[in-house]
Protein chains: 2
Amino acid sequence: MAGNREESSKQREPLSRERVLQAAVRLADEIGIDSLSMRKLGQKLGVEAMSLYRHVANKDEILDGIVDIVAGEIEVPIPGQDWKSEMRRRAGSAHEVLMRHPWATMLIVSRANVGPAMLRYVDATIGCLREAGFSYAMADYAWNAIDSHIYGFTLQKLNFPFAPEEYAEAAKSYIDLIPADQYPYLNGMSHEVMDGNHDGLQDFYFALDLLLDGLEKNLETS
Amino acid sequence: MAGNREESSKQREPLSRERVLQAAVRLADEIGIDSLSMRKLGQKLGVEAMSLYRHVANKDEILDGIVDIVAGEIEVPIPGQDWKSEMRRRAGSAHEVLMRHPWATMLIVSRANVGPAMLRYVDATIGCLREAGFSYAMADYAWNAIDSHIYGFTLQKLNFPFAPEEYAEAAKSYIDLIPADQYPYLNGMSHEVMDGNHDGLQDFYFALDLLLDGLEKNLETS
DNA sequence: AGCGAAAATTTACACCGTAAGCTTACGCTG
DNA sequence: CAGCGTAAGCTTACGGTGTAAATTTTCGCT
């Protein structure tokens with residue numbers, strides 16, 4: 001076995017920062033961010049936990065890294081194009097990506113996020129608003145408003161405990177815990193769900209369009 | 001020292017679920033939720049960690065408990081009163097309470113939250129919208145939209161790394177990391193901050209009022 | 001072939017939540 | 001007041017965490 005390194009596939013591929021981060025994203029998708037440990041990540045890569053430290057400084061750097069990988073998956077708005085549809089597309093893409101990586105939103109809203117993909121994403125967002133005529137300050141307010149909706153809506157949706165098709169059935173099982181005399185309105189809404197009059201499905205674009213329409217009016221009157 | 005139990009204050013007060021939860025809230029406020037451990041909480045109460053388990057089943061139950069304590073601090077809207085100002089007051093109070101307990105929002109958006117204070121809070125919210133003429137479904141959408149803003153805005157504000165008065169100075173120190181040729185708009189906005197033309201302060205009621213106005217229009221045309 | 005550097009591993013430590021079993025303290029009854 | 005039963009608190013232990021330090025293995029190159 002004259003070991004030609006290129007051909008021998010029994011030899012495991014060497015580690016690298018990129019391979020570590022990619023594996024971390026996949027593992028977090030599979031088992032959740034709370035269960036992701038250095039030891040499990042090492043195991044996934046066929047390596048001891050401490051070997052990872054040759055390629056990343058610590059676990060925090062891994063978390064920063066996988067957030068930036070996720071940020072890189074989001075469709076960026078194009079400055080100069082119609083701002084409303086671009087911001088709408090950006091928001092929808094962000095929501096979709098964050099639903100694909102259910103652990104990512106929590107990390108984003110609790111870390112610095114200064115990776116290159118995140119900076120590019122933010123720069124394009126501000127740029128799209130600026131080119132549409134927003135001042136820097138108004139662009140900041142608009143960006144903050146839209147991102148509040150993206151993060152808040154996504155977190156609530158991820159935290160909702162029932163699948164849409166189970167919801168009516170689930171309501172029947174917990175209705176006794178919210179008696180009408182103590183919680184009349186919560187009880188009433190649950191009955192609407194039980195009776196099939198309300199499916200409880202939330203539309204990401206409902207509140208988003210309220211915000212965009214309001215921002216548009218704000219832009220016109222300035 | 002004829003030990004009259006009522007008078008002897010050298011004897012430590014016995015533990016109770018209530019005392020454990022109150023101490024947990026204070027400790028989380030002081031050292032953050034990530035640093036809150038059973039051992040530290042025990043220490044704070046002059047007790048060993050394992051003694052806590054006599055009064056709570058496990059740490060998860062403590063987290064559920066302190067979330068409900070926080071929920072109990074939020075001003076509840078009054079069904080029948082003007083829905084817009086009630087919902088505005090509710091949202092502002094929630095934001096204020098969540099800023100007082102910086103760890104709470106994360107817990108709320110990642111747990112079931114079926115404690116009595118939270119149920120009461122939710123019931124009053126739905127009730128306020130229902131009495132104003134919203135259908136159950138529309139009340140659900142409106143509630144979700146407003147709460148998305150509350151959680152998203154609060155998390156972003158808590159995660160912002162600079163105090164308002166440091167912001168301009170901080171921008172000067174990181175401006176080199178976002179060169180104009182790579183991130184033109186982010187660079188431009190930072191210059192606005194550095195030059196004192198934009199303070200970066202976000203107003204909770206800016207996006208909230210966009211939502212409430214949009215919801216009002218939605219209510220009128222139905 | 002052998003050497004220097006890079007990569008990977010081993011061992012160890014302080015911390016975490018909590019299960020199981022033990023000891024202490026209390027409240028009540030005789 | 002004695003004594004007993006139970007509740008409250010404590011000790012010990014286990015498997016998990018991130019990671020510092022020291023060691024061994026592997027690789028690339030002369």
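All values below come from the heavy atoms of this structure, side chains included, with hydrogens, waters and symmetry mates left out. Every chain is numbered from 1, with letters handed out A, B, ... down the list of sequences.
Side-chain atoms of Asp68(A) come within 3.5 Å of backbone atoms of Met118(A) as a donor-acceptor pair (strictly under, hydrogens ignored).
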Worksheet item: After noting the C-alpha distance and the side-chain angles of Trp143(A) and Val122(A), does the key distance pass the side chain to side chain contact (heavy atoms under 4.5 Å, CB included) rule?
Response: CA-CA 9 Å; Trp143(A) 166 37; Val122(A) 168; 3.6 Å; yes

Worksheet item: Should Leu212(B) and Tyr205(B) be marked as a side chain to side chain contact (heavy atoms under 4.5 Å, CB included) after you check the CA-CA gap, both sets of side-chain angles, and the distance that decides it?
Response: CA-CA 10 Å; Leu212(B) 292 175; Tyr205(B) 296 98; over 6 Å; no

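Distance CG (Leu45(B)) to C1' (dA8(D)): 14 Å, rounded to an integer number of Å. Protein atom CG of Leu52(B) is 9 Å distant from nucleotide atom P of dG9(D), rounded to whole Å. A straight line from CE of Met38(A) to P of dT9(C) spans 13 Å, rounded to a whole angstrom. Here dT9(C) presents its C1' atom at 12 Å from CG of Leu15(A), a figure rounded to the nearest Å. Summarising the geometry, the separation between CZ on Arg19(A) and P on dA7(C) is reported as 13 Å, rounded to the nearest angstrom. Counting to the nearest Å, the P atom of dA8(D) and the CZ atom of Arg17(B) are 14 Å from each other.
Among the heavy atoms of the strands, none lies under 4.0 Å from Leu41(B).
Contact between Asn113(A) and Arg111(A) at its shortest, heavy atoms only, is ND2-O, 3.1 Å.
Distances shown here put a side-chain N or O of His55(B) below 4.0 Å from the OP1 or OP2 atom of dG9(D).
Here Arg39(B) pairs with nothing under the salt bridge (charged side-chain N to carboxylate O under 4.0 Å, His left out) rule; sequence neighbours left out.
Of the residues in residues 56-67 of chain B, those with a non-hydrogen atom less than 4.0 angstrom from any atom of DNA chain C are Asn58(B), Lys59(B).
When each of dT10(C), dG9(D), dG17(C) is scored by its nearest atom to the side-chain atoms of Val47(B), the top-ranked nucleotide is dG9(D).
Note that CD of Glu96(B) and CD1 of Ile150(B) are 12.5 Å apart. Values are rounded to the nearest 0.5 Å. Distance OG1/Thr125(A) to CG/Asp140(A): 11.5 Å, rounded to 0.5 Å.
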Between protein and nucleotides 12-16 of chain D, what N or O pairs are separated by less than 3.5 Å?
none

